[in-house]
2 protein chains.
Amino acid sequence: MLREIEPLSDLVNARGIVPALPDLPCNTCHFRSSNFCGALFGRSGQPMAIRGKHREIAARQNIYRAGEGNEGVLVICDGWAVRFVQLPNGKRQILSVMLPGDLVSATSMLEGQLGFSVQAVTDVRYCYFPFAEVRARIRNNPPLFDAWLRLTAAEQRDADKRLVDLGQRTAQERIAALIVHVMQRCEQRGELVDDEFPFPLSQQQIADFTGLTPVHTCRVLSALRKNAVCDVGHGFVKIMERRELQRMGALK
Amino acid sequence: MLREIEPLSDLVNARGIVPALPDLPCNTCHFRSSNFCGALFGRSGQPMAIRGKHREIAARQNIYRAGEGNEGVLVICDGWAVRFVQLPNGKRQILSVMLPGDLVSATSMLEGQLGFSVQAVTDVRYCYFPFAEVRARIRNNPPLFDAWLRLTAAEQRDADKRLVDLGQRTAQERIAALIVHVMQRCEQRGELVDDEFPFPLSQQQIADFTGLTPVHTCRVLSALRKNAVCDVGHGFVKIMERRELQRMGALK
DNA sequence: CGGTACATTGAGAAATTTCAAAGTTGGTGG
DNA sequence: CCACCAACTTTGAAATTTCTCAATGTACCG
């Protein structure tokens, strides 16, 4: 289920020559051109300035459990994951959805435990970078420091938006907002083709994100389908009435 | 309504001698022994290493409106305030409650606008510190940098907890959690006397915080009173059954 | 070809909102 | 000191949203 990706054993060979290293995942990662890994460790094209500890895990498995020791700054390299809180009574709240290239939490920069868990939605490849190294780079590089400030501010804005959703908006609005949010992220990545984009969340996961029950989530999605707004299922969303969907998802 | 506190005009007099400056609010602020101002600019006893721009404002007035230019890093010196989002349809969501000594948002360190507004709950004295100065100090002082990391992490944990509250918990649980949260903060400050502590939020504000209507909020508070758990009103909370209240507020 | 997880549907129950009216409180000016 | 005003709180009744329970249908995996 959880497989450590074997690092090249002779990163630097006996004669001190650094080989091409096509196998180190970061060296071929195309998210480095846009995400925080690139800002931290150099954009794509450059060899990666630090080695992360890479792993793979199957869909629906936990990458991290709240309260466990945390191995480093966690990045989702490939696949989708969610950050969530599991309550003793069985309920769970999904806090955020992470796409390939996303830092799991810009504020989890310190050794110690986290208050949330992380679960793979699809099969996931992920990576830990050493805390101290990441902190040192941020501290010693003013433009990087500012980039990181922007990232933490963006995460807080996102959390604030979710708070407004859960506190003030109806089931339909919350679900529409989630779909629109993911649509916009996919569009930026060029993954929106023929008004269709990947959406691997199950109805249970949509429910856990929006604070609804799976049954009610199903009814809302059915209504969206019946009204020819969009069709969610089988790992994809098909947009039929983009304008209408955006109107539903927008704050009123 | 909004009054600029006149800074001493001759901070350094003609002979270059710095006078005692008892009037600069930061020099007599007793929160500096514990809050982030102290970490940033020196603990109480020391003269304040930087001058904030201080102001006062009456209860129920806005300190900052979302989208306006932001003057600096905002600290609540005295009184209670809330951070909130106002929706066009009249609904509002309160994101967090700030007590004296609180930084308004650890992630609002950059010039530019914020996505939320800030309103005084009671009469408030507050203060802006220049962005660049604060950033420079954090960047140049490793222990301060770590302290600030802890603060941003704590703010995110708080936002995550609120998300769980709004997404997964009943009206009674949300209200109990708010009361317990404030109770614990007041207790740390030694403001809990005879099982009673200050609580200046109106029912409307409690409703905006918990994502409920004021009418339902009133019914829940009435039930708490009738069941002799606690009595909320007139600017205070009287705790009758602390254990029961904590049980209600705790995650299940 | 089963089995398991996921999705759908129906009916009734519960929590919360809405609307409307009446009571209270605290502050202000006469 | 009193009267009044405005804002806040309380109460009732009905409507709405969302949940719960339970059964059935569907898709994918080995």
Side-chain angles (χ1 to χ4, degrees), chain A residues 1 58-61 82 87 89-94 119-123 165-176 199-227 230-238 248 252, chain B residues 1 58-61 82 87 89-94 119-123 165-176 199-227 230-238 248 252:
Chain A
M1 213 102 286
R60 306 302 157 104
Q61 301 299 307
V82 291
L87 301 186
N89 65 8
K91 294 185 176 182
R92 62 148 50 176
Q93 176 67 44
I94 292 181
Q119 183 172 90
V121 173
T122 63
D123 290 351
D165 272 7
L166 295 185
Q168 303 297 334
R169 309 186 68 205
T170 65
Q172 194 187 60
E173 291 170 331
R174 293 183 213 178
I175 288 177
F199 196 87
L201 299 178
S202 69
Q203 291 187 357
Q204 176 70 65
Q205 289 168 328
I206 299 171
D208 290 344
F209 185 86
T210 51
L212 302 166
T213 54
V215 174
H216 196 57
T217 300
C218 176
R219 292 191 220 275
V220 172
L221 292 177
S222 300
L224 288 174
R225 199 172 301 133
K226 198 174 63 185
N227 299 336
C230 65
D231 186 349
V232 178
H234 309 283
F236 289 86
V237 175
K238 170 83 182 174
M248 286 176 175
K252 275 180 281 301
Chain B
M1 212 103 291
R60 304 302 158 107
Q61 302 300 306
V82 292
L87 301 187
N89 65 7
K91 295 187 176 183
R92 62 148 50 177
Q93 176 66 44
I94 293 182
Q119 184 171 90
V121 173
T122 63
D123 291 352
D165 272 6
L166 295 185
Q168 303 297 335
R169 308 185 69 205
T170 65
Q172 193 186 60
E173 290 170 332
R174 293 183 213 178
I175 289 177
F199 196 86
L201 300 178
S202 70
Q203 291 186 358
Q204 176 71 64
Q205 289 168 327
I206 298 171
D208 290 343
F209 185 86
T210 51
L212 302 166
T213 54
V215 174
H216 196 58
T217 299
C218 176
R219 291 192 220 276
V220 171
L221 292 177
S222 300
L224 288 174
R225 199 173 300 133
K226 199 175 65 186
N227 299 335
C230 64
D231 187 349
V232 178
H234 309 283
F236 289 86
V237 175
K238 170 82 182 174
M248 286 176 175
K252 274 180 279 298

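Below, each value reflects all heavy atoms present in this structure, side chains not excepted, and no hydrogens, waters or symmetry copies. Residue numbers begin at 1 in each chain, while the letters A, B, ... track the order of the sequences.
Pairs passing the salt bridge (charged side-chain N to carboxylate O under 4.0 Å, His left out) check and including a residue from residues 200-213 of chain B, sequence neighbours excluded, read R92(B)-D208(B).
Scored by the side chain to side chain donor-acceptor pair (under 3.5 Å) test, K252(A) finds E173(A) as partners (sequence neighbours excluded). The side chain to side chain donor-acceptor pair (under 3.5 Å) search around R225(B) returns D231(B), not counting sequence neighbours. Taking the salt bridge (charged side-chain N to carboxylate O under 4.0 Å, His left out) definition, one finds that K91(A) meets it with nothing, sequence neighbours left out. Considering only residues two or more places apart in sequence or on other chains, R219(A) meets the side chain to side chain donor-acceptor pair (under 3.5 Å) condition with none of them.
If you take CD of Q168(B) and C1' of dA15(C), they are 15 Å apart, rounded to a whole angstrom. Rounded to whole Å, the distance from CD on E173(B) to P on dC19(D) is 14 Å. Rounded to whole Å, the distance from CD on Q204(B) to P on dA7(D) is 13 Å. Between L221(A) atom CG and dA7(C) atom C1' the separation is 10 Å, expressed in whole Å. For the pair Q61(A) CD and dA5(C) C1', the interatomic distance rounds to 14 Å; values are reported in whole Å. Spacing between atom CD1 of I206(A) and atom P of dT8(C) amounts to 10 Å, rounded to whole angstrom units. One can place CG of L224(B) at 15 Å from C1' of dT9(D), the figure rounded to the nearest angstrom. In this entry the distance linking CD of Q172(B) with P of dA14(C) reads 16 Å, nearest Å.
Backbone-only engagement by R225(A) is indicated by non-hydrogen atom pairs under 4.0 Å involving sugar-phosphate atoms exclusively.
When all heavy atoms of R174(A) and L166(A) are compared, the closest pair comes out as NH2-O, 3.5 Å. A pairwise comparison of heavy atoms in C230(B) and V237(B) identifies CB-CG1, 4.3 Å as the closest pair.
Within the 3.5 Å criterion, the main-chain N or O of A58(A) finds no donor-acceptor partner in the side chain of D123(A).
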(request) Give the intermediate values and the outcome of side-chain contact (heavy atoms from CB on, under 4.5 Å) for residues L224(B) and M248(B). (result) CA-CA 11 Å; L224(B) 288 174; M248(B) 286 176 175; 3.6 Å; yes

Write down the protein N/O and nucleotide N/O pairs, taken from nucleotides 25-30 of chain D, whose separation is under 3.5 Å; answer none if there are no such pairs.
none

Polar atom pairs (N or O), protein with nucleotides 17-20 of chain C, under 3.5 Å:
{"unit_1": "dT17(C)", "atom_1": "OP2", "unit_2": "T213(B)", "atom_2": "N", "d": "3.1"}
{"unit_1": "dT17(C)", "atom_1": "OP2", "unit_2": "T213(B)", "atom_2": "OG1", "d": "3.0"}
{"unit_1": "dT18(C)", "atom_1": "O4", "unit_2": "R219(B)", "atom_2": "NH2", "d": "3.2"}

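Within the model, atoms CD of Q204(A) and CG of L212(A) stand 11.0 Å from one another, a figure rounded to the nearest 0.5 Å. Between the CZ atom of F209(A) and the OG1 atom of T217(A) there is a distance of 12.0 Å, given to the nearest 0.5 Å.
In this structure, Q203(A) reaches the dT8(C) phosphate: one of its side-chain N or O atoms is under 4.0 Å from OP1 or OP2. The phosphate of dT17(D) has neither OP1 nor OP2 within less than 4.0 Å of any side-chain N or O from R174(A).
The C1' atoms of five pairs define one axis at each end of the helix from dC1(C)-dG30(D) to dG30(C)-dC1(D), and these two axes lie 40° apart (to 10°).
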